[in-house]
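Residue numbers start from 1 in every chain, and the chains themselves are labelled A, B, ... in the order their sequence lines are given, proteins ahead of strands. All heavy atoms count here, side chains included; hydrogens, waters and symmetry mates do not.
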Amino acid sequence: MSEFAVSRKTVRVRLIIGFIIAIIVTFSLIGRLAWIQIVRADELYEQAWEQWNHVIPVSTGRGSIYDHQGRLLAGNRQVYTVAAIPPQVEEPQAVAESLATVLNMEKQNIFDIITLERSAVYIKRKVEPEVSEAIREMNIPGIIFFNEEKRDYPGGDLASQLLGFVGMDQGWSGIEVYYDDYLSGSEGKLLFPADAWGRQVPHDFNRTVQPETGHDIYLTIDETIQHIVEKELDRIMEEAVPKQTLAVAVDPKTGAVLAAAARPSYELLNYENYDSELWDLSPFTSSFEPGSTFKIITLAAVLEEGLFNPEEHYYCPGYATVSGRRINCWTVDRGGHGDITFHDSVGASCNPAFIELGNRIGAEKLFEYIHAFGFGSITGIDYPGESSGMVFSPEYRGPLELATTSFGQGISVTPLQQVMAIAAIANGGYLYRPYLVGHIEDSDGDYVFEHKPQMVRQVISNDTAEQVIDLMESVILEGTGSTAQLEGYRAAGKTGTAEKLDENGVYSSSDFIYSFIGFAPIEDPRIVLYVAVDSVTKGPRFGSYTSAPLFKTIMEESLNYLLVAPSELPADDEEQ
Amino acid sequence: MQQQARQLSLSGRVISPPSYPSQGVAVRPEPGRRAKKVKLFLIITLCFLLSLVVVAQYSSLVIANYRLSSLRTELGAIQDTSRQLELEVARLSAVGRIDQIARDELGMVDPELDQLRIITAGRDLGNRLGE
């Protein structure tokens with residue numbers, strides 16, 4: 001027997017030990033495999049996925065904006081973003097040189113971008129299709145493209161301040177920023193597998209996770225009325241060359257804004273070339289002294305309190321003296337209105353008569369009505385940066401403040417506040433909250449938001465509203481607003497000439513804001529319209545030549561467009 | 001010589017060792033053993049067929065996914081085109097553009113007051129016309 005010979009028993013023991021070791025190793029491997037493949041599978045897959053795939057975010061498809069009839073005001077068009085995968089760019093210097101001219105960028109700038117130590121970088125976003133096509137034809141390795149969308153406005157700059165503009169990916173002003181959460185969808189992704197050096201794996205495919213389009217917004221604005229308003233504002237800018245002019249129109253029964261614009265304005269696609277003050281819609285964001293249009297509020301208050309007798313006489317000497325200060329009527333140069341009834345004082349817009357009415361109701365009560373009509377606080381319109389205006393707080397309401405407030409000086413209100421207050425009179429006494437967005441739809445056409453008319457409060461009774469309307473009609477028929485008389489429609493309105501403070505803080509005797517506020521037709525008011533022309537520099541400087549005709553033209557064209565039947569005129573008028 | 005069968009005892013169970021036929025005698029496999037083989041064959045075949053079905057299912061799923069993906073891409077392209085067309089329609093039918101063409105290209109002007117006849121049709125007339 002050999003000395004190396006081992007017994008069968010030893011062999012068997014060794015085999016068993018070997019077998020046990022093999023079993024342990026095998027089960028350890030199985031356990032490890034299960035640990036990796038089952039327990040940590042998700043986590044490791046995620047890590048591996050991030051290593052394999054490179055991601056370039058793709059901006060969202062922004063929701064469109066329509067008018068209340070579904071006419072497109074702001075949509076999107078296809079543009080392209082030029083990006084680079086730096087590890088794949090073979091000759092960065094030459095590539096930078098080639099792209100610089102086409103992309104209108106500095107060569108060094110492009111070189112710096114495409115040599116960054118990143119898996120993917122943007123070179124230039126949202127370039128026009130012809131630019132991207134020119135680069136595609138160069139067939140440069142490492143330069144990739146993907147689709148994006150850019151705002152486009154089929155109506156040009158119509159309603160520019162109202163719509164607002166969009167920066168690279170999000171709204172910056174107007175409706176675009178106020179409803180940005182609804183308009184912006186979810187971000188998409190461009191995915192491509194790459195090796196350890198970031199080079200795109202050949203024969204594999206790119207995958208695009210499509211961005212989810214944002215919701216579509218349907219405004220209460222009517223494109224045609226908006227166009228009429230802007231056309232007329234442009235005309236007055238050309239004819240009277242004022243510092244600015246503005247208009248806002250609402251539906252008195254709901255508070256829905258039908259049109260709102262101001263001039264000067266800005267170009268939506270060149271917003272960066274304009275003063276940022278022009279980006280805002282001044283009828284909502286700016287406040288100024290209203291002037292005589294505010295007399296309607298005083299009138300409504302004294303009528304509601306039973307302190308107004310239209311047949312009562314008042315003597316206007318052309319001024320009133322309050323707390324030792326002389327406050328002039330606009331007729332001071334011709335000795336005032338003289339003997340006048342309170343009924344006629346409305347049509348004649350007599351300041352001293354309204355100072356008297358203000359005294360009768362008193363500061364506390366008058367300011368109660370002023371606040372009830374919505375002045376001194378924001379209306380809550382769905383537009384960013386709304387101004388609340390300024391009215392006197394209780395501690396500052398002396399006799400002088402009461403007097404000036406009674407005829408619309410010394411306080412500051414927005415055109416929107418005024419138009420909503422007059423809408424409350426037009427609809428029988430109910431103050432509504434104004435709104436710009438009617439409803440919002442998702443991509444399936446389902447409503448995700450709907451604006452229902454929201455009544456804030458009843459301010460005056462129906463009877464009082466009717467009396468105010470009668471007096472406002474007299475302003476147009478026989479008072480200062482005669483040039484606002486509409487062809488075929490009965491209208492109610494009030495002129496306003498607000499004095500402006502000069503640089504020394506003194507009321508200017510030559511610089512005015514001419515305004516007009518009113519509604520039509522009286523029997524079933526469809527539109528309440530406020531117009532203002534600030535600092536006319538050319539032609540006649542009277543409200544009757546500027547703001548009143550502006551009101552007339554906009555209102556007539558709008559009512560004709562809405563196919564509103566002409567008013568039924570009294571028999572004697574018809575015969576004439 | 002007939003070999004005496006040796007009995008092995010394992011775990012108390014008695015197993016008879018296989019008996020070998022003598023030379024020249026045709027031996028037929030035991031019926032139980034053949035049945036087992038058939039059963040095993042059938043099970044393997046069934047498993048194979050089942051795996052084929054599973055693979056086929058996965059395959060059709062992948063194909064369906066691929067088709068879905070291309071249809072989605074196609075849908076996206078159609079929606080893009082639709083949006084571009086909507087934009088173009090809106091651009092062509094914009095009120096401002098029509099107004100401008102009417103004035104600048106067609107020479108149209110707003111009517112003068114004497115060219116207008118406002119018909120103040122009362123409610124009665126409206127009702128009569130309605131009849």
key: Passing option when Pro154(A) is tested against Leu87(B), Leu92(B), Val89(B) for side-chain contact (heavy atoms from CB on, under 4.5 Å)   = Leu87(B)

query = Rounded to the nearest 0.5 Å, how far does CD of Gln84(B) lie from CG of Asn76(A)?
reply = 8.5 Å

query = Are more than 12 heavy atoms from other residues, nucleotides or ligands located less than 6.0 Å from atom CZ of Phe145(A)?
reply = yes

query = Heavy-atom distance under 4.5 Å to chain A: side chain of Glu88(B), backbone, both or neither?
reply = neither

query = So which pairs with a foot in residues 67-84 of chain B pass salt bridge (Lys or Arg N to Asp or Glu O under 4.0 Å), sequence neighbours left out?
reply = Glu149(A)-Arg83(B), Asp80(B)-Arg83(B)

request  = Can you tell which part of Leu72(A) gets under 4.5 Å to a heavy atom of chain B, answering side chain, backbone, both or neither?
outcome  = both

inquiry  = Give me the atom names and distance for the closest heavy-atom approach of Tyr66(A) to Glu86(B).
reply    = OH-OE2, 2.7 Å

query = Do you know the tightest heavy-atom contact between Gly155(A) and Ala94(B)?
reply = CA-CB, 4.0 Å

message = Please output the residues of residues 47-54 of chain B in contact with chain A, using a heavy-atom cutoff of under 4.5 Å, in numerical order.
response = none

Close side-chain approach of Arg71(A) and Val95(B), heavy atoms under 4.5 Å = yes

Listed once per pair and sorted, the side-chain hydrogen bond (donor to acceptor under 3.5 Å, both in side chains) pairs that draw on residues 225-238 of chain A, sequence neighbours left out = Gln226(A)-Glu230(A), His227(A)-Asp99(B), Glu230(A)-Arg263(A), Lys231(A)-Glu557(A), Glu232(A)-Arg235(A), Asp234(A)-Arg263(A), Arg235(A)-Glu239(A)

ask   = So do Arg91(B) and Asp152(A) actually touch side chain to side chain, heavy atoms under 4.5 Å?
value = yes

ask   = For Thr553(A), what residues pass the side chain to side chain donor-acceptor pair (under 3.5 Å) criterion, not counting sequence neighbours?
value = none

query = Which bit of Tyr561(A) is near chain B, if near means a heavy-atom gap under 4.5 Å: side chain, backbone, both or neither?
reply = neither

